[in-house]
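Worksheet: one structure, shown below.
Reminder, nothing fancy here: chain letters follow the sequence lines and each chain counts from 1. Model, not experiment: these values are computed from the prediction.
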Protein chains: 2
Amino acid sequence: MRTRRGESPLAILAGKYLNLNEDERELLGSLDNQPRRIARNSEVVREGRAADNLFVVQSGWLLSYTIMPDGRRQVLQVHLPGDIIGFCDMPLPSFTYELKSLTDCSLCMLTHGHIQDIFHKTPRLTGFLLSLMMVDQKTHTDRLRVLGRMNARDRVIHFLLSTLVRLRMIDQAEGNIFDFPMTQFDLADAVGLTNVSVSNALSSLQEQGALKRSTGKMQILDEAYMREAVSFINRFESIDISWFPYLPPAKDK
Amino acid sequence: MRTRRGESPLAILAGKYLNLNEDERELLGSLDNQPRRIARNSEVVREGRAADNLFVVQSGWLLSYTIMPDGRRQVLQVHLPGDIIGFCDMPLPSFTYELKSLTDCSLCMLTHGHIQDIFHKTPRLTGFLLSLMMVDQKTHTDRLRVLGRMNARDRVIHFLLSTLVRLRMIDQAEGNIFDFPMTQFDLADAVGLTNVSVSNALSSLQEQGALKRSTGKMQILDEAYMREAVSFINRFESIDISWFPYLPPAKDK
DNA sequence: CGGCCGATTGACCAGATTCAATTAGTGTGG
DNA sequence: CCACACTAATTGAATCTGGTCAATCGGCCG
């Protein structure tokens with residue numbers, strides 16, 4: 001188990017929504033054990049592999065994506081520390097996407113048994129995990145709106161904002177500055193553009209003073225303007241996990 | 001409760017994945033009680049309304065969508081009979097989209113209590129509902145791929161195919177023919193195009209003999225070609241709900 | 001220092017949008 | 001049953017955003 005300081009990102013996340021008791025803390029900690037180190041730019045999962053386990057991201061960034069028949073790529077999700085990868089694949093026989101590390105990563109492998117354990121033992125954590133999944137679903141519908149109806153510039157804006165708020169959730173943004181290990185190719189494939197359009201959008205935003213780039217870093221200078229431009233909604237702000245039924249009242253809180 | 005014949009669409013769906021026992025059948029039936037009739041083209045939910053209930057579609061088609069600041073629309077989901085609307089909104093304080101009926105509909109209103117009841121009483125149904133939600137998530141990521149990387153023609157193809165397989169799940173497609181109450185504006189807003197592009201795509205597909213339209217109906221003539229064109233995956237084919245842990249073994253089966 | 005990958009920039013092209021006019025189809029009311 | 005109104009679908013022309021292709025620049029690493 002981990003100490004309060006230097007908590008795992010998933011625990012940090014959980015701590016924002018509920019006051020973990022000792023049992024829950026331990027159970028959540030069991031998800032974080034024995035992390036596996038993954039080098040930058042490695043294939044973690046190839047499409048078609050049996051979906052009999054999940055990953056919890058301890059550190060590092062990853063991408064899940066599909067390849068189109070013509071070779072182009074669509075990034076389905078950017079995975080940050082604290083993310084649970086593969087939750088939604090549990091009812092499916094195999095992964096239907098590729099998973100690649102952008103940076104050196106530390107991943108914990110879970111079996112379905114780990115999840116089932118939580119479902120059996122702690123309704124509060126179950127509710128928390130399911131809520132996370134539902135919010136995930138929401139961010140996907142937000143992206144549908146982005147890919148379906150936004151121009152290049154707004155797509156990039158929306159992507160940066162959603163990355164920023166996610167990093168803040170796990171205390172990995174220093175104000176408006178954060179590490180940004182994605183190339184413009186990666187970003188393009190995430191928002192359905194080409195690297196050229198992304199370059200143009202970023203340059204234009206920088207020129208207008210909305211953001212600032214330095215190698216591997218991103219700084220959002222005019223967050224208000226950007227939020228306004230894309231009607232940004234922070235889905236993490238308003239999660240309420242109390243919808244999930246649980247029998248034993250939590251010990252603390 | 002309903003008879004086996006004339007089952008509710010949700011029960012038909014459930015029956016494809018598990019052999020319901022009497023208790024489960026009754027509990028599922030409780031979701032289908034007292035349907036509310038909704039006229040064609042009415043607003044069922046306006047954005048911002050408290051998300052304290054869910055809907056189960058008994059009959060009819062609905063759209064959930066968001067409006068962009070410039071007035072354009074992005075359809076987030078087309079809801080068919082058997083769909084549960086609002087599941088993912090449970091952890092959120094309010095709906096974040098509009099819900100409109102395309103046809104006359106029959107909807108059952110559920111409270112969070114109904115869902116909690118199922119979660120308490122039957123692990124198998126819980127697993128089924130959660131699996132449905134996860135598959136829903138998968139279809140959303142499929143649509144990301146569509147909106148991010150496909151041209152007009154393929155977007156339309158993908159949409160029609162996914163509608164077809166969903167209708168088949170609830171026994172509402174006669175072979176390759178199905179009712180299709182959407183306008184080309186609706187379809188356009190679902191796949192991120194304009195009505196003009198949709199018209200062109202449909203005409204071209206019809207001319208090439210891949211489909212046939214008559215008023216309010218759609219017929220897929222060359223399903224194999226269309227599946228190939230978009231690398232279509234039927235997410236419903238391969239669901240396995242046994243991942244979900246449950247204590248008491250089911251009585252039947 | 002050289003090689004490589006990523007970012008930038010420009011010219012040209014293509015697919016989709018916009019705008020507009022026409023046709024078809026649906027439903028209403030006389 | 002027909003005329004009218006309204007909505008949806010079709011078609012064409014002009015426009016525009018973003019894609020494609022290509023050349024250059026820049027930084028990082030061995």
Side-chain angles (χ1 to χ4, degrees), chain A residues 39-41 61 63 68 70-75 100 102-104 146-160 179-208 211-218 229, chain B residues 39-41 61 63 68 70-75 100 102-104 146-160 179-208 211-218 229:
Chain A
R40 178 169 168 277
N41 245 308
W61 290 40
L63 294 185
M68 306 296 290
D70 62 6
R72 289 180 312 162
R73 200 173 56 145
Q74 174 64 45
V75 168
K100 206 189 78 176
L102 280 181
T103 66
D104 291 344
V146 171
L147 296 190
R149 291 294 184 216
M150 283 189 192
N151 63 22
R153 182 192 178 82
D154 289 347
R155 291 182 194 214
V156 170
I157 290 178
H158 189 278
F159 182 87
L160 293 176
D179 284 334
F180 193 73
M182 295 173 75
T183 69
Q184 292 181 359
F185 289 90
D186 295 329
L187 210 171
D189 290 338
V191 297
L193 295 171
T194 60
N195 64 318
V196 178
S197 305
V198 168
S199 178
N200 289 332
L202 286 173
S203 305
S204 138
L205 285 168
Q206 175 150 350
E207 189 174 0
Q208 119 183 37
L211 59 80
K212 191 161 176 307
R213 292 168 289 166
S214 40
T215 45
K217 291 272 184 188
M218 185 69 71
Chain B
R40 179 169 167 276
N41 245 308
W61 290 40
L63 294 184
M68 307 294 292
D70 62 6
R72 287 180 313 162
R73 199 171 60 144
Q74 175 63 45
V75 168
K100 205 188 78 177
L102 280 181
T103 66
D104 291 344
V146 171
L147 296 190
R149 289 296 183 216
M150 284 189 191
N151 63 23
R153 183 193 179 82
D154 290 347
R155 289 183 195 212
V156 170
I157 290 179
H158 190 278
F159 182 87
L160 293 177
D179 285 334
F180 193 73
M182 294 174 74
T183 69
Q184 293 182 359
F185 288 91
D186 295 329
L187 211 171
D189 290 339
V191 296
L193 296 171
T194 60
N195 63 319
V196 177
S197 304
V198 167
S199 178
N200 290 331
L202 286 174
S203 305
S204 137
L205 285 169
Q206 175 150 351
E207 189 175 0
Q208 119 182 37
L211 59 80
K212 189 161 178 307
R213 293 168 289 167
S214 39
T215 44
K217 291 272 182 187
M218 185 70 71

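- The shortest side-chain heavy-atom distance between V75(A) and D186(A) does not fall under the 4.5 Å cut-off.
- For the helix from dC1(C)-dG30(D) to dG30(C)-dC1(D), the end axes, each set by the C1' atoms of five terminal pairs, are bent relative to each other by 40° (nearest 10°).
- Between N200(B) and S203(B), the side chains place no donor N or O within less than 3.5 Å of an acceptor N or O (distance only, hydrogens not considered).
- For the pair Q74(A)/L147(A), a side-chain contact is recorded, criterion being any heavy-atom separation below 4.5 Å from C-beta on.
- To the nearest 0.5 angstrom, D179(A) atom CG is 9.0 Å from T103(A) atom OG1.
- For DNA chain D, the outermost nucleotides in 5' to 3' order that have an atom under 4.0 Å from a heavy atom of chain A are dG18(D) to dC28(D).
- The shortest side-chain heavy-atom distance between F180(B) and L160(B) falls under the 4.5 Å cut-off.
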Task: Protein-to-nucleotide contact annotation, 5' to 3' order, nucleotides 5-20 of chain C [B base; S sugar-phosphate only; - none; under 4.0 Å, heavy atom] - done: --SSB------SBBB-

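- Considering only heavy atoms from C-beta on, L211(A) comes within 4.5 Å of L202(A) through its side chain.
- Atoms CG and OG, from N151(A) and S197(A) in turn, are 10.5 Å apart once rounded to the nearest 0.5 Å.
- In this structure, CG in D104(B) is found 9.5 Å from CG in N41(B), a value given to the nearest 0.5 Å.
- You'll find the side chain of L63(B) reaches within 4.5 Å of the side chain of R73(B), heavy atoms only.
- Taking CG from L193(B) and CZ from R149(A), the interatomic distance works out to 7.0 Å, rounded to the nearest 0.5 Å.
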